[in-house]
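First up is the structure itself, then whatever we jot down about it.
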Amino acid sequence: MKSFKLIILSVVAVVFVSCGTSNTVPITGRKQTLMVSDGDILALSTQQYQEFMSSAKLSTNQTNTAMVKRVGQNLANAVINYLTAAGLQNDLQYYKWTFNLVQDKQVNAWCMPGGLICVYEGILPVTQDEASLAIVLGHEIAHAVARHSAEQMSTQLKQQYGLQIGAAVLGGLGMGSNTTSIIQAIAAQGFNFKNLSYSRNHENEADHMGLIFAAMAGYDPNAALSFWQRMAASNNNQTSEFLSDHPSDATRIKNIQGWLPEALKYYKPAVTQKSTTQKATTTKKTTTTTKKVTTTNKKK
């Protein structure tokens, strides 16, 4: 009888651990199984982001702040256009694009699910220009679009399911059990999106997708090579949270070189606002001149 119970409970364990929603990561096409909803994830990340920002000090540098918001929004628009064209417009309801620059010397930036992004001032001397900043923000946005946080949380949930089912199996064998709810277990572990460590595979995927998003937004993806070389150099002098759990410098640069041909297919240099204004002004002057000539001819 005990053997029969063990078999039944083992089957139940397999069902619970393998359950979830199948999803395909945009651009890379990788398959993933998620056990948490986008709505629940967004609610939790919004709460944690607001808690962080309530104690953080916003940058007082208006030029840099405007740059971060401008580059970030350009990338967000590119992602919105891409998801819409791919028939994934329903996913857009789970994004609340937010870009903030805070006073912190760490060479770091991060993104919570839903496109809630924070950039530290310490990374700007390394980015140096908008194209390199786009590489950073593209990488972070890619984590959100690829649902890496949800995937990490799903892994923890599967592990917790396994622990609970395992305890049930022991209970079925007469050894007793003492389980707790999965939600309480996750909360007890202090799950925090800001400090979440992604796997090396996730970091590779974010590099790949981020490069594409930057190109889609009109930023030269070639900037990624020089940026990551500067990041490697800066990491020799100070701790960089942005590089934690990332691939080695040599591997990263090699991978980027391999993805550049793909990224360049999406790259179209953005038209600057200044150029657009000048063009509009020239057209207006030409129209006015033509009108004057016409009027003069009429009088004659």
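Below, each value reflects all heavy atoms present in this structure, side chains not excepted, and no hydrogens, waters or symmetry copies. Here the structure is a predicted model, which is why all the values come from computation and not from measurement.
- Heavy-atom minimum distance, Tyr82 versus Pro26: CE2-CB, 3.8 Å.
- Under the 4.5 Å side-chain heavy-atom criterion for Ile, Leu, Val, Met, Phe, Trp and Tyr, Ile135 and Leu124 are members of the same hydrophobic cluster.
- A 4.5 Å side-chain heavy-atom check between Arg252 and Met231 finds every atom pair outside the cut-off.
- Sequence neighbours left out, the pairs with a member in residues 115-137 that pass side-chain hydrogen bond (donor to acceptor under 3.5 Å, both in side chains) are Ser59-Glu121, Arg70-Glu130, Trp110-Tyr120, Asp129-Ser132, Ser132-Arg230.
- Here the closest non-hydrogen pair linking Thr84 and Gln89 is O-OE1, 3.5 Å.
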(request) Evaluate side-chain contact (heavy atoms from CB on, under 4.5 Å) for Thr46 paired with Leu116, printing each intermediate quantity in order. (result) CA-CA 8 Å; Thr46 299; Leu116 307 174; 4.0 Å; yes

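- Atoms CZ and CD1, on Phe227 and Ile253 in that order, are 11.0 Å from each other to the nearest 0.5 Å.
- For Asp220 (side chain) and Ala223 (main-chain N/O), no donor-acceptor pair under 3.5 Å exists by modelled atom type.
- Tyr94 and Leu88 end up in different hydrophobic clusters when Ile, Leu, Val, Met, Phe, Trp and Tyr side chains are linked at under 4.5 Å.
- Between the CD atom of Glu151 and the CD atom of Gln32 there is a distance of 4.5 Å, given to the nearest 0.5 Å.
- The two residues Ala109 and Val136 have their closest heavy-atom pair at CB-CG1, 3.8 Å.
- Between His202 and Ser199 the shortest side-chain heavy-atom distance falls below 4.5 Å.
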(request) Would you check, one step at a time, whether the test side-chain contact (heavy atoms from CB on, under 4.5 Å) holds for Leu225 with Ile256? (result) CA-CA 7 Å; Leu225 294 175; Ile256 289 174; 3.6 Å; yes

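- Listed here is the closest heavy atom pair of Gln73 and Phe99: N-CE1, 3.8 Å.
- Checking side-chain atoms of Ser154 against main-chain N and O of Leu34 turns up no donor-acceptor pair under 3.5 Å.
- A salt bridge links Asp38 with Arg147: the distance from a Lys NZ or Arg NE/NH1/NH2 to an Asp or Glu carboxylate oxygen falls below 4.0 Å.
- Of all the heavy atoms in Leu83 and Leu92, the pair that sits closest is CD1-CD2, 3.8 Å.
- Of all the heavy atoms in Phe213 and Ala142, the pair that sits closest is CE1-CA, 4.0 Å.
- By the 30° and 60° cut-offs, the orientation of the rings of His139 relative to Trp228 is perpendicular.
- Met153 has its side chain within reach of Ile41: a pair of non-hydrogen atoms, C-beta onward, lies under 4.5 Å apart.
- Within the 3.5 Å criterion, the main-chain N or O of Lys96 finds a donor-acceptor partner in the side chain of Thr98.
- Classified by interplanar angle (parallel below 30°, tilted 30° to 60°, perpendicular above 60°), the ring pair Tyr95/Trp97 is parallel.
- In this structure, Thr33 contributes its side chain and Ser22 its backbone to no donor-acceptor pair below 3.5 Å.
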(message) Does Gln93 form a side-chain contact (heavy atoms from CB on, under 4.5 Å) with Leu42? I'd like the steps, not just the answer.
(response) CA-CA 10 Å; Gln93 62 183 306; Leu42 179 59; over 6 Å; no

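- With Ile212 as the fixed residue, the side chain to side chain contact (heavy atoms under 4.5 Å, CB included) test singles out one of Thr28, Val79, Ile27: Ile27.
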(request) May I have the step-by-step check of side chain to side chain donor-acceptor pair (under 3.5 Å) for Asn255 and Asp207, ending in yes or no? (result) CA-CA 9 Å; Asn255 287 340; Asp207 279 350; over 6 Å; no

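- Taking 4.5 Å as the limit, some side-chain heavy atom of Ile141 sits within range of a side-chain heavy atom of Val145.
- Taking the charged nitrogens against the carboxylate oxygens, Arg200 and Glu205 have no contact shorter than 4.0 Å, which rules out a salt bridge.
- Applying the side-chain hydrogen bond (donor to acceptor under 3.5 Å, both in side chains) definition to pairs two or more places apart or across chains, those involving residues 258-268 are His208-Glu262.
- Side-chain contact between Val25 and Lys31: absent, with no pair of heavy atoms (C-beta onward) separated by less than 4.5 Å.
- To the nearest 0.5 Å, atom CZ of residue Arg30 and atom CE of residue Met209 are 9.0 Å apart.
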(request) Take Asn81 and Met216, measure what side-chain contact (heavy atoms from CB on, under 4.5 Å) needs, and give me the verdict at the end. (result) CA-CA 9 Å; Asn81 292 336; Met216 287 179 176; over 6 Å; no

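- For the atom pair Ile117 CD1 and Met112 CE, the distance stands at 11.5 Å (nearest 0.5 Å).
- Once rounded to the nearest 0.5 Å, the distance linking SG of Cys118 with CG of Asp104 reads 8.0 Å.
- Between Ser149 atom OG and Gln48 atom CD the span is 9.5 Å, to the nearest 0.5 Å.
- At a threshold of 4.5 Å between non-hydrogen side-chain atoms, the residues Asn222 and Leu260 count as touching.
- Judged purely by atom type and a 3.5 angstrom limit, Tyr49 has no side-chain atom pairing as donor or acceptor with the backbone of Cys111.
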